[in-house]
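Every heavy atom of this structure was used, including side-chain atoms; hydrogens, water molecules and symmetry mates were not.
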Amino acid sequence: MKKILVLFLLISNISFSQVLTNESKVQVIEKESFKELIEKKIQVIDVRTAEEYRNGYIKNAINIDFKSSEFIKNISRLDKNKSYLIYCKSGNRSGKASKVMDSLGFYKIYDLKGGFMNW
């Protein structure tokens, strides 16, 4: 049974400590805190569509479209040992994207409450 669990964790990229503690690495934060973390040079990720991104975005944000079939592939290219600031239009997609990143073993994800509309 133990070998099956270890195999499952390896296949799904979920860390064993995450399973034991069931601790989420996602924190929803207000825009003031988000701005403070931007000043600390934490990478910002915009998970809206390319069209939404072209119409305005937070400075230095990279666009990784949550609706894209390549989302997991693209987000997995990032360093999982770093923290990330994430947002979408309203907070819905970024909430879902944050959960995906958490399940992939990312260190810490800060989700902008209310998304770009709140920015």
*Asks:* Looking at OG of S69 and CG of N74, how far apart are the two atoms once the value is rounded to the nearest 0.5 Å?
*Replies:*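 One finds 9.0 Å between OG of S69 and CG of N74.
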*Asks:* Is it true that E52 and T49 share a donor-acceptor pair across their side chains at a distance under 3.5 Å?
*Replies:* yes
*Asks:* If you count heavy atoms of other groups shown closer than 6.0 angstrom to CD of E51, is the number above 12?
*Replies:*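 It does not: E51 CD has 12 such atoms or fewer within range.
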*Asks:* Less than 6.0 angstrom from the centroid, inside 45 degrees of the normal: does K67 satisfy that with respect to the ring of F71?
*Replies:*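 No, K67 does not sit over the ring of F71.
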*Asks:* Roughly how far, to the nearest 0.5 Å, is NZ of K25 from CE of M101?
*Replies:*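 It is 13.5 Å, given to the nearest 0.5 Å.
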*Asks:* How about Y84 and D79: do any of their side-chain heavy atoms sit closer than 4.5 Å?
*Replies:*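 They are in side-chain contact.
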*Asks:* Working to the nearest 0.5 angstrom, can you tell me the gap between S90 OG and F116 CZ?
*Replies:* 13.0 Å
*Asks:* Before accepting this row, confirm whether a basic side-chain N of the pair E70/K73 lies closer than 4.0 Å to the acidic partner's carboxylate O.
*Replies:*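 Judged by the 4.0 Å cut-off on N to carboxylate O distance, E70 and K73 do form a salt bridge.
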*Asks:* Just wondering, do V47 and D65 contact through their side chains at under 4.5 Å, heavy atoms?
*Replies:*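 Side-chain contact under 4.5 Å: no.
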*Asks:* Quick one: pull up CG in L85 and NZ in K35 and give me the separation to the nearest 0.5 Å.
*Replies:* 13.0 Å
*Asks:* Any chain of hydrophobic side-chain contacts (each under 4.5 Å) joining I86 to I64?
*Replies:*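 Linked, I86 and I64 end up in one cluster.
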*Asks:* Do we see a donor-acceptor contact under 3.5 Å between the side chains of D46 and Y87?
*Replies:*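 Yes, Y87 and D46 have a side-chain donor paired with an acceptor closer than 3.5 Å.
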*Asks:* Hydrophobic clustering (ILVMFWY, side-chain heavy atoms < 4.5 Å, transitive) - are V44 and I109 grouped together?
*Replies:*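 No, I109 and V44 fall in different hydrophobic clusters.
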*Asks:* Tell me, yes or no, whether the heavy-atom count around K108 atom NZ, taken from other residues, nucleotides or ligands under 6.0 Å, exceeds 12.
*Replies:* yes
*Asks:* Taking side chain as C-beta onward, heavy atoms only, is L112 less than 4.5 Å from K31?
*Replies:*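 The answer is yes; the side chains approach within 4.5 Å.
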*Asks:* Heavy-atom count around I42 CD1 within 6.0 Å, excluding the residue itself: above 12?
*Replies:* yes
*Asks:* Identify whether L104 and Y107 are in the same connected component of the hydrophobic contact network (ILVMFWY, side-chain heavy atoms under 4.5 Å).
*Replies:*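 No, separate clusters.
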*Asks:* Going by heavy atoms in the side chains, are I29 and K113 under 4.5 Å from each other?
*Replies:*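 No, their side chains stay 4.5 Å or more apart.
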*Asks:* Are the side chain of Y53 and the backbone of A61 linked by a donor-acceptor contact shorter than 3.5 Å?
*Replies:* yes
*Asks:* Less than 4.5 Å apart, any side-chain heavy atom of F66 and any of I75?
*Replies:* no
*Asks:* So, does D102 use its side chain to make a donor-acceptor pair with the main chain of V26 at under 3.5 Å?
*Replies:*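 Side chain of D102 to backbone of V26: no pair is present.
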*Asks:* Yes or no on side chain to side chain contact (heavy atoms under 4.5 Å, CB included) for K82 and Q43, after CA distance, side-chain angles and deciding distance?
*Replies:* CA-CA 9 Å; K82 293 184 177 181; Q43 178 64 62; over 6 Å; no
*Asks:* Verify whether the ring centers belonging to Y110 and F34 lie closer than 6.0 Å.
*Replies:*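 No: the rings miss the under 6.0 Å criterion.
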*Asks:* Would a 4.5 Å heavy-atom cut-off, applied to side chains only, mark I45 and L78 as touching?
*Replies:*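 The answer is yes; the side chains approach within 4.5 Å.
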*Asks:* So, for S94 and C88, which heavy atoms are closest and what is the spacing to 0.1 Å?
*Replies:* N-SG, 3.3 Å
